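In what follows, a single structure is set out as structure tokens and then discussed.
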Amino acid sequence: EAITVQELANRMAEKGADLVKALFNMGMMVTVNQTIDQDTAELLVEDFGHRIQRVSESDVDIDTADDVDPEETLKDRAPVVTIMGHVDHGKTSLLDALRGTDVVRGESGGITQHIGAYQITTKNKQKLTFLDTPGHEAFTQMRARGANVTDIVILVVAADDGIMPQTIEAINHTKAAGVPMIVAINKCDKPEANPKKIRERLLEHEVIVEEMSGDVQDVEVSAKAGTGLDDLIDKIMLQAELLELKARPDRAAEGTVIEAQLDKGRGPVASVLITRGTLKRGDVFVVGTQSGKVRAMIDDKGKQVKEAGPSSPVEVLGLGGVPNAGDQLTVVENEQRAREVSEYRSEKAHSQRTAATPANFDAMFSNLKSDTIEFPLLVKADVQGSVEAIVAALNNLSNDDIKVRVLHSGVGAITESDVTLAAASNAPIVGFHVRPNAKARQMIEREKVRMMYYDVIYHLTEEIAKEMAGELGPLR
Ligand code: GDP
């Protein structure tokens with residue numbers, strides 16, 4: 001596994017010249033465009049004070065994150081969209097309404113098949129993929145497994161209700177993931193709808209929509225009356241264009257499991273969102289710790305398909321066992337190779353149950369990409385006054401080198417949603433006069449999330465300040 005000095009510098013957010021200098025001091029004469037091996041890269045990373053984790057060679061072999069497709073092979077792909085928002089604000093209704101705009105479905109009269117995601121084709125022949133499980137829990141759980149499949153989040157807010165607790169959670173989970181958001185102000189058919197108020201209230205959560213001179217797109221819709229849907233689709237496509245979403249279609253497929261189960265008649269089935277390449281009938285693959293051979297593929301319209309390209313969701317039959325949501329599917333040369341890799345992965349999964357560990361060399365550096373070092377954490381306290389005081393005190397600790405980033409804060413017990421976000425972001429949870437509920441406690445164990453409990457604000461800030469001053473603070 002080799003990497004160019006420049007590429008490593010980019011991932012570490014350091015100057016290429018500084019790395020060249022450090023390498024010179026280590027007795028190596030290289031330029032930024034030359035490659036260095038993994039051992040040297042690790043030394044450098046440590047030298048610069050970043051923490052790393054060694055991964056096994058055979059695992060790196062199959063992890064194809066470093067195998068970048070050449071620019072000229074890339075083709076536009078459909079954006080993958082997740083809908084979030086408070087309960088009853090209309091997430092499911094909006095998903096149904098958007099599905100109804102599919103021109104292909106209208107023609108073929110296909111039967112809706114729930115396979116975890118669906119794709120629509122618009123009047124202008126554009127394609128969009130929507131994940132069928134709305135909400136931020138599923139989104140962040142996938143992220144905790146290293147699967148960032150969502151390109152764009154639609155935040156649904158009911159115009160007759162307002163910003164509710166799960167709206168705030170959705171905003172914070174989306175921001176923590178760094179995924180762009182579009183606000184859909186729903187239920188605008190209702191007489192009591194007040195979209196203006198929603199836009200104003202969003203300001204308090206640092207979501208500044210275009211009409212308030214911000215850069216978050218917003219659109220008034222009614223999932224019930226079907227109004228504003230074309231506008232919403234246009235805005236998604238505009239955002240997608242800015243993101244320049246591309247993938248290489250003509251290569252061995254890779255994908256992410258969005259859901260999987262054991263079907264009585266058909267055996268283990270997995271819904272897979274293809275991330276690059278084209279999955280074909282007969283392909284041999286590894287998925288998580290399982291292996292298999294594509295026996296059949298079924299799309300979201302219930303039709304058998306022979307192949308599936310980037311951003312398409314398909315249900316895959318022919319697995320050896322049931323994988324987990326978030327597992328990566330990778331097509332390999334032959335069945336022997338598939339067995340080798342899946343056996344190796346099973347052993348590894350057995351011997352080390354570390355959920356929040358980056359899966360590969362590449363993922364490990366993605367945490368180092370930003371310019372200033374960030375100290376992410378979550379804050380839960382017993383009363384609103386304490387939450388505010390703690391967040392303010394923590395923000396005061398930030399300086400030019402290191403910045404506290406409160407991913408989410410709120411009143412009440414520490415919940416599963418908090419733990420999921422903490423695990424996905426490798427952030428500790430600060431509890432002030434509060435403790436986790438029973439379910440959250442189990443998850444904390446499993447995901448190895450770090451907890452910090454306090455009863456005095458001063459102790460809290462003192463300890464965090466100490467950690468920040470430490471070296472560079474815990475990056476993960
Ligand atoms: P979810 O919990 O966010 O998935 O919300 P649902 O889609 O289940 O919708 C909750 C309720 O709001 C249902 O009774 C819907 O019929 C209603 N609803 C959803 N969208 C609209 C809308 O645009 N206008 C009106 N009037 N009602 C809506």
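When a residue number appears, it is its place in the shown sequence, counting from 1. Just so we're clear, the structure is a prediction, and the values are computed from it rather than from any experiment. Counting convention: from 1, in listed order, for ligands and their atoms alike.
- Side-chain atoms of Leu155 and Thr167, non-hydrogen and from C-beta on, do get closer than 4.5 Å to each other.
- Glu204 meets the side chain to side chain contact (heavy atoms under 4.5 Å, CB included) test with Arg201; sequence neighbours excluded.
- For the ring pair (Phe, Tyr, Trp, His ring centres under 6.0 Å) test, residues two or more places apart in sequence or in another chain that qualify with Tyr118 are Phe130.
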Stepwise salt bridge (charged side-chain N to carboxylate O under 4.0 Å, His left out) test for Glu445 and Lys448:
CA-CA 5 Å; Glu445 285 272 306; Lys448 299 191 166 58; over 6 Å; no
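- Near ligand 1, His86, Val87, Asp88, His89, Gly90, Lys91, Thr92, Ser93, Asn186, Lys187, Asp189, Lys190, Ser222, Ala223, Lys224 each place a heavy atom less than 4.0 angstrom from the ligand.
- The shortest distance between side-chain heavy atoms of Arg276 and Asp69 falls below 4.5 Å.
- Partners of Arg266 according to the side-chain hydrogen bond (donor to acceptor under 3.5 Å, both in side chains) rule, which considers only residues two or more places apart in sequence or in another chain, are Asp263, Glu315.
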